[in-house]
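What you are looking at is a predicted structure, and each value in this text was computed from that prediction instead of being measured.
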Amino acid sequence: MKRILFLMALISPIILRAQGNTPKENKIAVEILHPLNMHEIDFERGLAQHIKDYHKGDLAVNIFEVLTGKRRGEFHFVFRNHFSWTNIHSAFDAAGENSHSEDWTLNVGRHITNEIPLYIYEESDDSYKPSNPSDMKLDMLGLYLIDINIGMEEDFYAAIKKIKEMHQKNNSKNYYQILTNTFGEGNQVIVVFPLIKGWASFEPNPDEAWEKMFKAAFPKEDFKTWAKKFSSTQKSFESMVIKLRPDLSSPL
């Protein structure tokens, strides 16, 4: 945590200048926590108490546990509110207060690895979200982590816009959120989608197959040609399932 606070202190003059006069509250701050082996129980107990004491209001957080893949067992510390760069600066200033920082070190820091990656994502206008936020339940989520090939960003985002149009034209209920990495390593995009039915959400539904929806939305275009071009824009692809941990998160 101290390393993150030092880094934020260094870059804060830069981000405040870059933000301009019309700050947008469209950024999500995420920290990745890795409990030490045999420290899992103490980690969860300490984290729950720390969040109860220090993460309320503007500092409220959701804690997600990774259930699948090579990241299984890591925790995502996600600030619940969308921030502007100024908000992010203020949030990390608050986290740097002596009592807050000392409590983190005592109750959480000694139970996790020293590496705490910080990522800041912006929500993209290419997200496909329902008018009713309750239709994007947070209990269980699927994530696709996509690294874009350098130089192919334009083609990638053109495809993302087409995917949104395809869903809109089919009145699909398969909602998703697009997050772009604005601070942290790599040229990464995250697709977040609710698993309304839990694991059963992955059961195939022929009516929701992309090829069928694509043909309905763009009858004069060839799906396989488009899909091949879209795939070529992606350097790597990773998927995972995460679960909200209400017992560790800030109260609603």
Side-chain angles (χ1 to χ4, degrees), residues 4 8 11-12 14-16 18-32 55 57-64 66 71 75-92 117-148 153-168 172-196 201 230 233-234 236-244 249-250 252:
I4 292 173
M8 291 301 294
I11 70 169
S12 60
I14 299 172
I15 61 180
L16 290 176
Q19 185 163 269
N21 296 322
T22 55
K24 293 183 178 181
E25 294 186 349
N26 64 346
K27 296 166 185 67
I28 299 173
V30 181
E31 296 174 20
I32 309 299
H55 286 271
D58 291 342
L59 294 183
V61 295
N62 287 327
I63 303 298
F64 292 92
V66 179
R71 298 173 185 259
F75 288 78
H76 295 180
F77 185 102
V78 183
F79 283 87
R80 186 176 292 163
N81 299 312
H82 286 198
F83 292 149
S84 67
W85 283 116
T86 303
N87 298 146
I88 290 173
H89 182 229
S90 299
F92 279 91
L118 166 68
Y119 297 93
I120 298 174
Y121 297 95
E122 281 189 4
E123 181 172 9
S124 170
D125 291 337
D126 294 322
S127 300
Y128 177 62
K129 298 170 66 176
S131 55
N132 184 357
S134 65
D135 291 335
M136 284 281 287
K137 291 177 64 178
L138 290 175
D139 297 354
M140 196 169 176
L141 298 170
L143 300 185
Y144 294 148
L145 281 62
I146 304 171
D147 286 313
I148 308 170
E153 293 86 357
E154 186 175 340
D155 288 338
F156 176 85
Y157 285 109
I160 291 295
K161 292 181 186 300
K162 203 172 191 69
I163 291 169
K164 180 177 181 179
E165 184 180 354
M166 176 181 75
H167 281 77
Q168 289 173 328
S172 174
K173 297 296 189 293
N174 289 333
Y175 302 111
Y176 55 84
Q177 183 181 25
I178 302 287
L179 304 175
T180 59
N181 186 12
T182 62
F183 180 79
E185 295 182 1
N187 186 17
Q188 189 181 77
V189 169
I190 294 184
V191 183
V192 183
F193 51 98
L195 300 175
I196 302 296
S201 300
F230 179 43
T233 66
Q234 301 170 39
S236 64
F237 181 94
E238 181 183 356
S239 62
M240 68 181 71
V241 173
I242 63 176
K243 177 180 69 173
L244 178 67
S249 304
S250 301
L252 292 173

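- The local environment of CG in D139 is crowded, with over 12 non-hydrogen atoms from other residues, nucleotides or ligands closer than 6.0 Å.
- Between S90 and N87, the side chains place no donor N or O within less than 3.5 Å of an acceptor N or O (distance only, hydrogens not considered).
- Contact check for I120 versus F83: no side-chain heavy atoms found under the 4.5 Å cut-off.
- Taking the side chain as every heavy atom from C-beta outward, E25 and N81 never approach each other to under 4.5 Å.
- In this structure, N174 and F193 have side chains that are not in contact, with every pair of non-hydrogen atoms separated by 4.5 Å or more.
- In terms of heavy atoms, S127 sits closest to S124 at OG-O, 2.9 Å.
- Using a distance-only test at 3.5 Å, with no hydrogens or angles considered, no donor-acceptor pair links the side chain of N62 to the main chain of H76.
- No donor-acceptor distance shorter than 3.5 angstrom exists from the side chain of S239 to the backbone of Y144, with no hydrogens or angles considered.
- Rounding to the nearest 0.5 Å gives a distance of 4.5 Å between CG of N26 and CD of E122.
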Task: side-chain contact (heavy atoms from CB on, under 4.5 Å) between Q188 and D147, worked out - done: CA-CA 4 Å; Q188 189 181 77; D147 286 313; 3.4 Å; yes

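- Of the listed residues (I28, I190, V191), just one forms a side-chain contact (heavy atoms from CB on, under 4.5 Å) with Q177, and that residue is I28.
- Aromatic ring pairs are classed by plane angle as parallel below 30°, tilted from 30° to 60° and perpendicular above 60°; the pair F77 and H55 is perpendicular.
- Taking the six-membered ring where the residue is Trp, Y176 and H167 present perpendicular rings, their angle passing 60° and hence far from 30°.
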- [ ] Before giving the answer on side-chain contact (heavy atoms from CB on, under 4.5 Å), spell out for Y157 and T180 the whole-Å C-alpha distance, their side-chain angles and the decisive distance to 0.1 Å.
- [x] CA-CA 11 Å; Y157 285 109; T180 59; 3.5 Å; yes

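- Here CD1 of I148 is found 10.5 Å from CG of D155. Values are rounded to the nearest 0.5 Å.
- Of the possible donor and acceptor atoms, none in the side chain of K129 sits under 3.5 Å from a partner among the backbone N and O of Y175.
- The neighbour count for D125 CG, taken as heavy atoms of other residues, nucleotides or ligands under 6.0 Å away, does not exceed 12.
- Atom NZ of K162 sits about 13.0 Å away from atom CG of D126, to the nearest 0.5 Å.
- Taken to the nearest 0.5 Å, the CD1 atom of I178 stands 9.5 Å off from the CD atom of E123.
- Here the straight-line distance linking atom CG of L179 with atom OH of Y121 works out to 8.0 Å at 0.5 Å rounding.
- Two residues are said to be in side-chain contact when any heavy atoms from C-beta on lie closer than 4.5 Å; F156 and F230 meet this criterion.
- When side chains are defined from C-beta on, Y119 counts as touching I32, because their heavy atoms get closer than 4.5 Å.
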